[in-house]
Amino acid sequence: MPKNKGKGGKNYKKGKKRDEGETRRDLIYKEDGQEYAQVLRMLGDGRVALQCFDGVARTGLIRGTMRRRIWINTGDIVLIGLREFEAEKADVIHKYTAEEARNLQAYGELPSTARINQTAIDMAMDGGDGQDEDVGFDFEDV
């Protein structure tokens, strides 16, 4: 039987991560036919419900190279490619980290009302309007 000279078999290779270090990457701005959006909820099968910053709600499809490599969650800011033939559908091209989204907001690419790193629970609690609701009674009266 030959002696093993490598570092391991398929389980060793499965454990390897792609070069996922916290390296600084260039900020990707939108071009013609692209738009910024926030993920409202995951629909399954690589699809997401998006609220675009141009005011239109769309269904996004996560492209093949992003599936199983880049995890998209609710509240993430993404860059989408608009479809010419289907206005209500789009393709998710890029996911921004929280720091990159803050930089986009500082440069004026995202509106100042955009909520970065907001989860689905936070969105449901706010009701989407961002206003604190009055309960209707004071605790001093009780």
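Quick caveat, the model's predicted, so the values are computed rather than measured. Numbers here are sequence positions counted from 1. Basis for what follows: all heavy atoms, side chains included, without hydrogens, waters or symmetry-related copies.
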Answer yes or no: is there a side-chain heavy-atom contact under 4.5 Å between Gln38 and Leu50?
-> no
Exceeds 12 heavy-atom contacts within 6.0 angstrom, atom NZ of Lys89 | no
If you look at every heavy atom in Met66 and Ile93, which pair is closest and at what distance?
-> SD-O, 3.3 Å
Under a 4.5 Å cut-off applied to non-hydrogen side-chain atoms, are Tyr96 and Ile28 in contact?
-> yes
With Arg41 via salt bridge (Lys or Arg N to Asp or Glu O under 4.0 Å) - residues at least two apart | none
Residues two or more places apart in sequence or in another chain: which of them pass side-chain hydrogen bond (donor to acceptor under 3.5 Å, both in side chains) with Glu84?
-> none
Please check if Ile77 and Tyr29 belong to a single hydrophobic cluster, counting links between Ile, Leu, Val, Met, Phe, Trp and Tyr side chain heavy atoms closer than 4.5 Å.
-> yes
So which heavy atom on Ala87 is nearest to which on Arg58, and how close?
-> O-NE, 3.1 Å
Can you name the closest pair of heavy atoms from Arg67 and Asp45 and give their distance?
-> NH2-O, 3.9 Å
Where do Gln105 and Ala114 come nearest, in terms of heavy atoms and distance?
-> NE2-O, 3.1 Å
What's the spacing between Arg69 CZ and Lys95 NZ if we round to 0.5 Å?
-> 15.0 Å
Is Val92 reachable from Ile70 through a run of I, L, V, M, F, W or Y residues, each pair having side-chain heavy atoms under 4.5 Å apart?
-> yes
What's the spacing between Asn103 CG and Leu27 CG if we round to 0.5 Å?
-> 6.0 Å
Hphob cluster co-occupancy, Ile72 + Leu82, side-chain heavy atoms under 4.5 angstrom | yes
Where Met42 and Ile62 come nearest, the two heavy atoms and their spacing | CE-CD1, 4.4 Å
Can you name the closest pair of heavy atoms from Leu61 and Arg47 and give their distance?
-> CD1-CG, 3.7 Å
Using the rule that two of Ile, Leu, Val, Met, Phe, Trp, Tyr join whenever any of their side-chain heavy atoms come within less than 4.5 Å, decide whether Leu104 and Leu79 are in one cluster.
-> yes
salt_bridge(Arg63, Asp91) N-O dist < 4.0 Å = no
According to a 4.5 Å side-chain heavy-atom criterion applied to Ile, Leu, Val, Met, Phe, Trp and Tyr, with indirect links allowed, do Tyr107 and Tyr36 form part of one hydrophobic cluster?
-> yes
Should Leu43 and Val48 be marked as a side-chain contact (heavy atoms from CB on, under 4.5 Å) after you check the CA-CA gap, both sets of side-chain angles, and the distance that decides it?
-> CA-CA 5 Å; Leu43 300 175; Val48 291; 5.7 Å; no
Taking only residues at least two apart or on different chains, which pairs with a member in residues 99-114 satisfy salt bridge (charged side-chain N to carboxylate O under 4.0 Å, His left out)?
-> Arg24-Glu99, Arg25-Glu100
